[in-house]
Visitor: 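Dumping the structure here so I can ask a few things about it.
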Amino acid sequence: MRKDISSLHVPHNKHTAACVPQRIEIPAEVILPMNMHSGHDAEPIVNVGDHVKVGQLIAREEGRFSSPVHATVSGTVTEIATMPTANGKGTTFIRIESDGKMEVAETVKKPEITDCASFLQAVRDGGIVGLGGAAFPTWAKFNEATNPDYKVDTVLINAAECEPYITSDHRMMLAHPELIADGIEYLRTYMNEYLGNATFKICIETNKADAIEVLEKTFADKDYVVVHKLKTIYPQGAKQVMLYNATGRVAVSGRRFPSFGALIVNVSSLALMANYLNTGMPLVERIVTVDGPAVAQPMNLIAPIGTRISELLKVTGLKAEPGKVVVGGPMNGTAIYSVDDPMVKVSNAVLVFDEKTAVLPEASACINCGRCMEKCPVRISVAEVDRAMKIKNADAKAQALIDTGVRQCVDCACCSYVCPASRPLLQINWEAKAFLKKYAAEQKEKKEANING
Ligand code: SF4
Ligand code: SF4
């Protein structure tokens, strides 16, 4: 019998699993960065002084994998400027001062869909992106299934939410199973040629018994929908891990996901896509879990995208001085510098650690124990990646890094978690992948220069 890829049993800390999401009061202002998706930054189409309404398009997509941005409160555009980002590049943001009315834009109306092309365009216009963390535009993911080289027979609806603390997808499944059902029907209807015979597997960890019950009831009469229960382990939600554990297929590096006969979509993305297609209201708000050792009252909140994190913390309160604030999960979320930063489309959680729990142990030399490789879901030895990163010659370094398989890393941080020498292994992987990306771009440039010259 095939064995699941299993990795770590991490403490779940799902303290907010029973917390019904509470809508926060309308924030005084929102800050909307133009890089809330994985492609090129969006381009503002409003000016300072403009009055905007909820759902109004304020920045259009720029390029194939970009995504539009919509106003999330009604009010006045008070600033368009640049803010720093973690990658050092910076991005433009639009600040909207709320008028407290939450007036809905006249443009918000159910999109007209007649076929696959108009369906994909609507998903694009709704600003829907992967809400599990990747922020890849959802329409582009679906569009890949139309490639005649692929034959998609399984749609994996990623409801694992395997990171500790986070319960926003869990609460979405309990609150809106009907939207998940609508999302599946939209795909079956408008992508019938490509997904009409596909099985839709809602992949959910067994620690969400109430959501499993709701979903099993919702889909009891739909033989093309399976509620696929998965062991509660980390990183069950990583797409390569989910593909193997739900279908037995192995994701090979360098190939697009649909080439394995599967599409994967986050459960909240699917539900919010259906909400847009049903009502015309784009992605303007989301559920965000606020938790962590320094949070007085862990909660799930519903907040407009762009709300400052400090506004969320005012609702939950703090019981200790924050030592570190992380957006996303504790394993592969991003630490932020200031609680004045806004929550963005992919902000499924805000975790606040106190000064004691935020201190990381000092890194020491690798003792070659092999645990990083043993616990890695894709069997990478980060100790080897670390050694390859020290090679001086760029060509030899690139080849050595490719040989380690680091391009398949799913950023789960299991290696960092188990390393007895407390080495910053996830960061080493990020640096290695950034080096390979830059190296590939340089090689391409050289090749083009040779052809043209
Ligand atoms: S190498 Fe990548 S995939 Fe493997 S455990 Fe580390 S972060 Fe996860
Ligand atoms: S887990 Fe840490 S100490 Fe052990 S081999 Fe990997 S990098 Fe070295």
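Small disclaimer: the values here were computed from a predicted structure and weren't measured. Ligands are counted one by one from 1 in listed order, and the atoms in each one are counted from 1 as well.
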Visitor: Give the numbers and elements of all ligand 1 atoms closer than 4.0 Å to a heavy atom of A413.
Guide: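 Listed by number with element: 7 (S), 8 (Fe).
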Visitor: I need the N266 CG to L156 CG distance, nearest 0.5 Å.
Guide: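 Answer rounded to 0.5 Å: 12.5 Å.
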Visitor: Just to verify, what does S310 make a side chain to side chain donor-acceptor pair (under 3.5 Å) with, not counting sequence neighbours?
Guide: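 Not a single residue meets the side chain to side chain donor-acceptor pair (under 3.5 Å) criterion with S310.
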Visitor: Show which atoms of ligand 1 fall inside a sub-4.0 Å distance from at least one heavy-atom site of C376.
Guide: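 Those of ligand 1 that fall under 4.0 Å from C376 are 1 (S), 3 (S), 4 (Fe), 5 (S).
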Visitor: When you check the gap from the basic side-chain N to the acidic O, do K314 and E311 get nearer than 4.0 Å?
Guide: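 Yes, K314 and E311 are salt-bridged.
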Visitor: Could you identify the single nearest non-hydrogen protein atom to atom 8 (Fe) of ligand 1 and state the distance to 0.1 Å?
Guide: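 Result: C412 SG, 2.3 Å.
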Visitor: Using a strict 4.0 Å cut-off to heavy atoms of V410, name the atoms of ligand 1 that fall inside it.
Guide: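 Within the 4.0 Å cut-off of V410, ligand 1 contributes 2 (Fe), 3 (S).
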Visitor: Anything protein N/O/S under 2.8 Å from atom 6 (Fe) of ligand 2? Just list residue and atom, please.
Guide: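 Checking every protein N, O and S atom gives C372 SG.
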Visitor: For the NZ atom on K229, are there more than 12 heavy atoms of other groups (residues, nucleotides or ligands in this structure) within a distance under 6.0 Å?
Guide: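 No.
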Visitor: Give me the nearest non-hydrogen protein atom to atom 2 (Fe) of ligand 1 as residue plus atom name, then the distance to 0.1 Å.
Guide: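 Looking only at protein heavy atoms, the one closest to atom 2 (Fe) of ligand 1 is C409 SG, 2.4 Å.
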Visitor: Considering the heavy atoms of N429, write down every atom of ligand 1 situated less than 4.0 Å from one of them.
Guide: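 Atoms satisfying the 4.0 Å criterion: 1 (S), 2 (Fe), 6 (Fe), 7 (S).
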Visitor: Could you list which atoms of ligand 1 come closer than 4.0 Å to a heavy atom of C414?
Guide: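 Those atoms are 5 (S).
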Visitor: Could you tell me whether P235 approaches ligand 1 through its side chain, its backbone, both or neither, with non-hydrogen atoms closer than 4.0 Å?
Guide: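 Contact part for P235 vs ligand 1: neither.
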Visitor: Please report the C-alpha distance between H15 and Y165 in whole Å, then the side-chain angles of each, then the deciding distance to 0.1 Å, and finally whether the ring pair (Phe, Tyr, Trp, His ring centres under 6.0 Å) criterion is met.
Guide: CA-CA 7 Å; H15 312 120; Y165 291 103; 5.8 Å; yes
Visitor: I'd like to check which ligand 1 atoms, numbered from 1 as shown, lie under 4.0 Å from a non-hydrogen atom of V378.
Guide: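 Selected atoms, number and element: 3 (S).
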Visitor: Surrounding CD of E213 (heavy atoms of other residues, nucleotides or ligands, distance under 6.0 Å), is the total greater than 12?
Guide: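 For E213, atom CD is not crowded (no more than 12 foreign heavy atoms under 6.0 Å).
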Visitor: Under the salt bridge (charged side-chain N to carboxylate O under 4.0 Å, His left out) rule, what pairs show up with a residue in residues 390-408, not counting sequence neighbours?
Guide: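 Those involving residues 390-408 are D386-K390.
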Visitor: Would you find more than 12 non-hydrogen atoms of other residues, nucleotides or ligands less than 6.0 Å from D411 atom CG?
Guide: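 Atom CG in D411 is crowded, with more than 12 foreign heavy atoms closer than 6.0 Å.
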Visitor: Going by the side-chain hydrogen bond (donor to acceptor under 3.5 Å, both in side chains) test, name the single residue among D291, T16, N348 that passes it with T167.
Guide: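 The residue from D291, T16, N348 that satisfies side-chain hydrogen bond (donor to acceptor under 3.5 Å, both in side chains) with T167 turns out to be T16.
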Visitor: Would you please name every residue forming a side chain to side chain donor-acceptor pair (under 3.5 Å) with N35, sequence neighbours left out?
Guide: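 For N35 there are no side chain to side chain donor-acceptor pair (under 3.5 Å) partners, ignoring immediate neighbours.
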